[in-house]
*Asks:* 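The structure that follows is given in the form of structure tokens.
As the structure is a computational prediction, the values presented were derived from the model and not from experiment. Reminder, nothing fancy here: chain letters follow the sequence lines and each chain counts from 1. Reckoned from all heavy atoms, side chains included, excluding hydrogens, waters and symmetry mates.
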Protein chains: 2
Amino acid sequence: MKWDALEKEPCSLARTVAVIGDRWSLLILRECFVRVRRFDEFQSSLGVTRHLLADRLKKLVRFGVLTRIPYQETPKRYEYILTQKGLDLYPIIMSIVHWGNIHMVDSRGRPLLHEHKNCKKMFDPVMICSECGEPLAAKEVHVHPGPGARKSSRAGAMAR
Amino acid sequence: MKWDALEKEPCSLARTVAVIGDRWSLLILRECFVRVRRFDEFQSSLGVTRHLLADRLKKLVRFGVLTRIPYQETPKRYEYILTQKGLDLYPIIMSIVHWGNIHMVDSRGRPLLHEHKNCKKMFDPVMICSECGEPLAAKEVHVHPGPGARKSSRAGAMAR
DNA sequence: GTTGACAGTTCTAAAAAAGAACTATATCGG
DNA sequence: CCGATATAGTTCTTTTTTAGAACTGTCAAC
């Protein structure tokens, strides 16, 4: 299957995976959230090849996750900044980090701690139901086809 | 950079990306959460090549996200079931789906709706601070090096 | 006028994925 | 017994992607 085909799937997960579902895109976004903005900064902090970096940045701009704005004339230089759409990826990034904190740390402990500026405490992210406020678990959720579902298809299933 | 190197990074995001940071792993996990368990089921619902499917399932088992358990003898047949470690990926999956619901739907609307069995309502996932219960935004979070941080390195940065 | 920063592009080799066919074990129906 | 079907893979060849390194062009500073 091609990446383009993923975008067309009637599945919000598949469509999102088409945008961020590769190694470098996620790592690039991590850098964006710690305020890395320039080509060479990304390159040196990630060690990604310049070719791929240029490619991924273009992709993220194309999808509206980043914008490329000039920060100086002569010579023209650009920065890559998260758009609102990009900032909205934060829960994804945080839930990925949190899972790693729980399941992938070595004996030394977490590489990073997160402080919530509002309450001044170190926290973990918790996912709750928008309606009743209770924490969510996979087994407490039931899925239904929505208006954008493919006809005559099991919920979530792809073609074939 | 090799995938193995990612696992070793002092970064919970990188380590998690080493496990789930490719297209097919995320799609396979989506299927797991709608109770797909068998090789041919995965294959026909995803359209992934059999080779890659075998490879990704092995990887997910190796990382302890899935277990491979026999459901019949003669001939031996196996199912792939989410472990607790795998079930804990749910917030990641849900936040990915939610972002797609907000930013990647077409005019027809969402492919899937989620009902919370506890409160019987259709919901969206919301990420909150474990300490104060307020919804989280990227700009309200400050990061600090934790005990597992690399020395003399900007928080979150990789080598080089 | 040489060096260095920045933001890329171009090239070749190596690795990964796609796509299709093949293998192995066993059941079922006649 | 014979052929068809089911399940869970493996093997093969071709195509696509990625890695790794070098190169380009513009400008500023020394």
*Asks:* Just call it for B:Tyr80: base, sugar-phosphate, or nothing, with non-hydrogen atoms closer than 4.0 Å on any strand.
*Replies:* sugar-phosphate
*Asks:* Should the pair B:Arg38 and B:Tyr78 be classed as cation-pi, given the thresholds of under 6.0 Å to the six-membered ring centre and 45° from the axis?
*Replies:* no
*Asks:* So, for A:His114 and A:His116, is the gap between ring centers shorter than 6.0 Å?
*Replies:* no
*Asks:* Under the criterion side chain to side chain donor-acceptor pair (under 3.5 Å), I'd like the reasoning laid out for B:Arg68 against B:Tyr80: C-alpha separation, chi angles, the key distance, then a yes or no.
*Replies:* CA-CA 5 Å; B:Arg68 181 168 174 271; B:Tyr80 295 88; 3.3 Å; yes
*Asks:* Given D:dG9, D:dT18, D:dA8, which nucleotide is nearest the side-chain atoms of B:Asp40?
*Replies:* D:dA8
*Asks:* What is the distance, to the nearest angstrom, from the CD1 atom on B:Ile28 to the P atom on D:dG9?
*Replies:* 12 Å
*Asks:* Both A:Pro75 and A:Leu52 contact DNA chain D. Taking the nearest nucleotide for each, which residue is further toward the 5' end?
*Replies:* A:Leu52
*Asks:* Is B:Lys59 close enough and on-axis enough to B:Trp24, meaning under 6.0 Å and within 45°, for cation-pi?
*Replies:* no
*Asks:* Side chain of A:Trp24 only, heavy atoms from C-beta on: which candidate in C:dC6, D:dT18, C:dA17 is closest?
*Replies:* D:dT18
*Asks:* Is B:Phe42 touching bases, backbone alone, or none of the nucleic acid, heavy atoms closer than 4.0 Å?
*Replies:* nothing
*Asks:* Closest-nucleotide mapping onto DNA chain D: is B:Lys58 or A:Lys76 further toward the 5' terminus? I mean the 5' end.
*Replies:* B:Lys58
*Asks:* Donor-acceptor pair under 3.5 Å: do we get one between B:Arg50's side chain and the base of D:dA8?
*Replies:* yes
*Asks:* Could you check which of C:dG8, C:dA5, C:dA17 has an atom nearest any side-chain atom of A:Arg77?
*Replies:* C:dA5
*Asks:* Pick base, sugar-phosphate or nothing for B:Thr49, based on heavy-atom distances below 4.0 Å to the nucleic acid.
*Replies:* base
